[in-house]
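The structure appears below as structure tokens.
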Amino acid sequence: MSLEITSMRDSDDMLKSSPSLLDEAGLSNQWARVRARLQAEVGEVEYRTWLKQVALAGVNGEEVTVILPTRFLRDWVNKEYGELITSLWQEENRAIKRVDIRTQPSRGTAPNLAEPAPVSAKLAPTPARADVVAPLDQRYTFETFVVGKPNEFAYACARRVAEAPATAGFNPLFLYGGVGLGKTHLMHAIAWELSTGTRNGACVSVAYMSAEKFMYRFINALRSQSTLEFKNELRSVDVLMIDDLQFLIGKDNTQEEFFHTFNALVDAGKQIVISADKSPSDLSGLEDRLRTRLGCGMVADLHATTFELRISILEAKAQRAGVEVPAKVLEFLARKITSNVRELEGALNRLVAHANLFDRQLTLETAHEVLHDVLKAFDRKVSIQEIQKRVAEHYNIRVTEMSSARRARNIARPRQVAMFLAKQLTSKSLPDIGRHFGDRDHTTVMHAVSRVTELIGQDAAFGEDVDLLRRMLES
Ligand code: ADP
Ligand code: MG
């Protein structure tokens with residue numbers, strides 16, 4: 001990418017001379033769709049932090065130019081999101097081959113932009129200092145954590161670290177497991193325990209934050225040239241806890257910084273607690289030397305809940321809420337909602353709120369009624385394999401063609417339909433779906449989704465077909 005800053009003239013010329021230039025409204029619409037998909041793809045937080053200020057400068061033949069207000073943002077966006085932005089543009093407009101990410105011209109009046117709004121060179125606000133510690137949730141203590149077979153080992157390790165931080169063999173403590181199984185709860189519990197007590201007469205300072213927050217703080221320190229302060233602040237704590245470390249995958253600079261902080265703290269005899277969705281060895285995409293160090297202390301797995309644990313958790317929560325819930329209703333919930341504790345809690349809360357609001361007895365019927373939509377969402381869980389099988393049957397092709405390299409229309413179209421349904425009916429990510437279809441790239445899945453959406457709009461018979469398949473899979 002070129003380092004030079006485009007002058008006013010250049011961008012004017014660029015807009016005028018573009019042969020494939022759509023009218024401004026068309027271009028602006030395309031850009032709006034690219035932005036919306038970008039936002040959906042990376043999530044609200046990342047989008048707001050990094051991508052909100054990306055503005056369209058123009059299209060010249062095969063090349064789109066977008067601009068950012070600072071070099072720093074430009075380099076960051078280019079490195080972290082360049083490929084994604086390019087593939088989204090390609091999806092939107094086949095003629096586009098490249099996306100050039102530049103800084104905003106520094107002189108002159110604002111260029112003639114298709115979408116002028118976000119161009120003003122505002123830096124993202126630097127957050128107030130002294131937020132090194134994220135607030136802890138009062139409900140997440142050891143007392144409220146219900147222990148059962150799937151989590152007893154992780155619980156014991158967490159207790160141990162809270163009692164005696166930086167004991168050999170327990171540093172770092174690495175907690176891992178799927179979504180909503182209690183990782184954050186246990187980390188907060190450790191932090192509460194440590195920060196309310198004193199060790200050898202001195203207060204223990206604990207820093208807890210998500211990996212995302214860590215990155216955000218680090219980047220802001222870089223931006224405001226206060227990295228030294230940031231480092232000192234972090235390295236002055238007794239216990240550092242980083243939640244959801246998987247967020248640092250692919251964020252090489254932040255990983256590097258974290259690695260150094262990690263080493264400095266461990267060398268100084270401080271405790272580190274980490275959580276992630278996978279074990280250190282399975283966190284591919286993290287630097288090897290970091291993975292090795294993460295696995296050096298105690299690694300504890302939070303397993304999926306069992307029926308018994310779900311019942312115990314529900315009983316404990318109902319009791320804390322001071323409501324009597326019939327055993328039948330608890331059993332019903334524990335059988336139906338198996339994915340994670342957060343969902344289970346949500347369902348119970350809803351039931352209790354409903355019973356209070358309408359002053360009704362909680363019965364199995366009320367549960368069915370109130371949780372109708374939630375339960376439907378859970379019933380709807382269908383696997384990619386099932387989708388492939390049904391779609392293959394429907395179009396009379398072999399299921400192995402779903403992963404084959406063949407691109408003949410009679411094969412490729414059903415494959416696209418299956419990808420589209422996989423995106424709609426499962427919570428799998430685009431790369432994940434791609435892997436199930438013969439290791440295809442996530443952009444291929446993205447393309448399939450938009451192609452099928454387009455066809456549904458154009459061809460009523462095709463639309464009915466897809467709808468039929470969906471209903472079959474849902475039932
Ligand atoms: P994770 O960080 O693993 O995604 P959380 O710690 O945020 O999951 O847990 C999700 C919700 O479920 C929280 O409200 C938490 O209090 C609750 N929870 C999870 N496990 C338990 C448990 N064993 N006992 C009580 N509550 C739990
Ligand atoms: Mg969590």
Side-chain angles (χ1 to χ4, degrees), residues 43-46 133-162 172-193 206-216 240-249 272-280 282-283 294 299-323 325 330 333-334 336-353 374 378 427 429:
E44 186 62 26
V45 174
E46 271 192 60
V133 186
L136 298 173
D137 191 314
Q138 295 204 347
R139 295 163 305 171
Y140 296 174
T141 62
F142 283 124
E143 286 64 45
T144 57
F145 192 82
V146 180
V147 186
K149 267 261 172 294
N151 60 24
E152 63 186 7
F153 182 65
Y155 173 82
C157 293
R159 272 278 187 200
R160 176 66 193 266
V161 164
L173 171 62
F174 190 100
L175 300 169
Y176 77 95
V179 178
L181 296 181
K183 302 182 292 295
T184 298
H185 188 137
L186 279 181
M187 289 179 105
H188 284 211
I190 298 174
W192 279 124
E193 193 79 8
V206 183
Y208 163 88
M209 72 186 96
S210 64
E212 189 173 5
K213 177 89 174 213
F214 179 88
M215 181 176 95
Y216 185 70
L240 176 66
M241 303 192 174
I242 303 288
D243 207 350
D244 290 321
L245 192 79
Q246 70 274 3
F247 182 82
L248 294 193
I249 286 175
I272 310 247
V273 183
I274 304 290
S275 88
D277 62 350
K278 296 195 193 67
S279 73
D282 286 338
L283 279 175
L294 288 172
V299 177
D301 180 355
L302 286 136
H303 296 274
T305 56
T306 55
F307 177 72
E308 287 73 26
L309 179 60
R310 290 196 293 278
I311 288 284
S312 311
I313 290 174
L314 286 170
E315 278 171 354
K317 306 245 176 216
Q319 201 189 0
R320 289 189 85 81
V323 277
V325 185
L330 294 184
L333 290 180
K336 280 288 185 184
I337 302 174
T338 56
S339 53
N340 73 53
V341 182
R342 192 174 298 128
E343 307 275 8
L344 198 61
E345 240 180 349
L348 180 69
N349 286 342
R350 214 158 123 185
L351 220 49
V352 169
V374 185
F378 280 94
S427 53
S429 66

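Numbering of ligands and ligand atoms starts at 1, following listing order.
When only non-hydrogen protein atoms are considered, atom 4 (O) of ligand 1 lies nearest to Gly180 N, 2.7 Å. Scanning the protein for heavy atoms near atom 7 (O) of ligand 1, the closest one is Arg342 NH2, 2.8 Å. Taking atom 13 (C) of ligand 1 as the reference point, the nearest protein heavy-atom neighbour is Tyr140 OH, 3.4 Å. The protein heavy atom nearest to atom 25 (C) of ligand 1 is Thr144 O, 3.4 Å. Nearest non-hydrogen protein atom to atom 14 (O) of ligand 1 is Glu345 OE1, 2.7 Å.
Here the CD-NZ distance, from Gln319 to Lys317, works out to 12.5 Å after rounding to the nearest 0.5 Å. Tyr176 OH to Asp244 CG: the interatomic distance, rounded to the nearest 0.5 Å, is 15.5 Å.
With a heavy-atom cut-off of 4.0 Å, Val146 touches ligand 1 through backbone and side chain alike. Only the side chain of Lys317 comes within 4.0 Å of ligand 1, judged by heavy-atom distances.
The shortest separation from a heavy atom of Ala316 to ligand 1 is not under 4.0 Å, leaving the residue out of contact.
Taking only non-hydrogen atoms, the option from Arg320, His185, Met187 nearest to atom 16 (O) of ligand 1 is His185.
Without hydrogens or angle criteria, Gln246 side chain to Asp277 main chain gives a donor-acceptor distance under 3.5 Å. Between the side chain of Asn151 and the main chain of Ala154, no donor-acceptor pair closer than 3.5 Å is present. Lys183 contributes no side-chain N or O that, together with a main-chain N or O of Leu175, makes up a donor-acceptor pair within less than 3.5 Å.
Residues Thr144 and Arg139 have side chains that never bring a donor and an acceptor to within less than 3.5 angstrom of each other. In this model, a donor atom of one side chain and an acceptor atom of the other lie less than 3.5 Å apart for Asp243 and Thr184.
Taking only nitrogen or oxygen atoms, main chain and side chain alike, Leu181 reaches within less than 3.5 Å of ligand 1. Distances between N or O atoms of Val179 and those of ligand 1 include no value under 3.5 Å. Residue-to-ligand polar distances keep Val341 apart from ligand 1: every N/O pair is separated by 3.5 Å or more.
Residue side and main chain included, Met187 places no N/O/S atom under 2.8 Å of the Mg ion (ligand 2).
Ring geometry for Tyr140 against His185 counts as parallel: the plane angle stays under 30°, on a 0 to 90° scale with 60° as the upper cut.
For ligand 1, the atoms lying closer than 4.0 Å to a non-hydrogen atom of Asn151 are 23 (N). Residue Gly178 approaches ligand 1 through these ligand atoms, each under 4.0 Å from one of its heavy atoms: 3 (O).
With Arg342 as the partner, the side-chain contact (heavy atoms from CB on, under 4.5 Å) test is satisfied by one option alone out of Ile337, Val179, Leu181: Val179.
Gln138 CD: 12 or fewer foreign heavy atoms inside a 6.0 Å radius.
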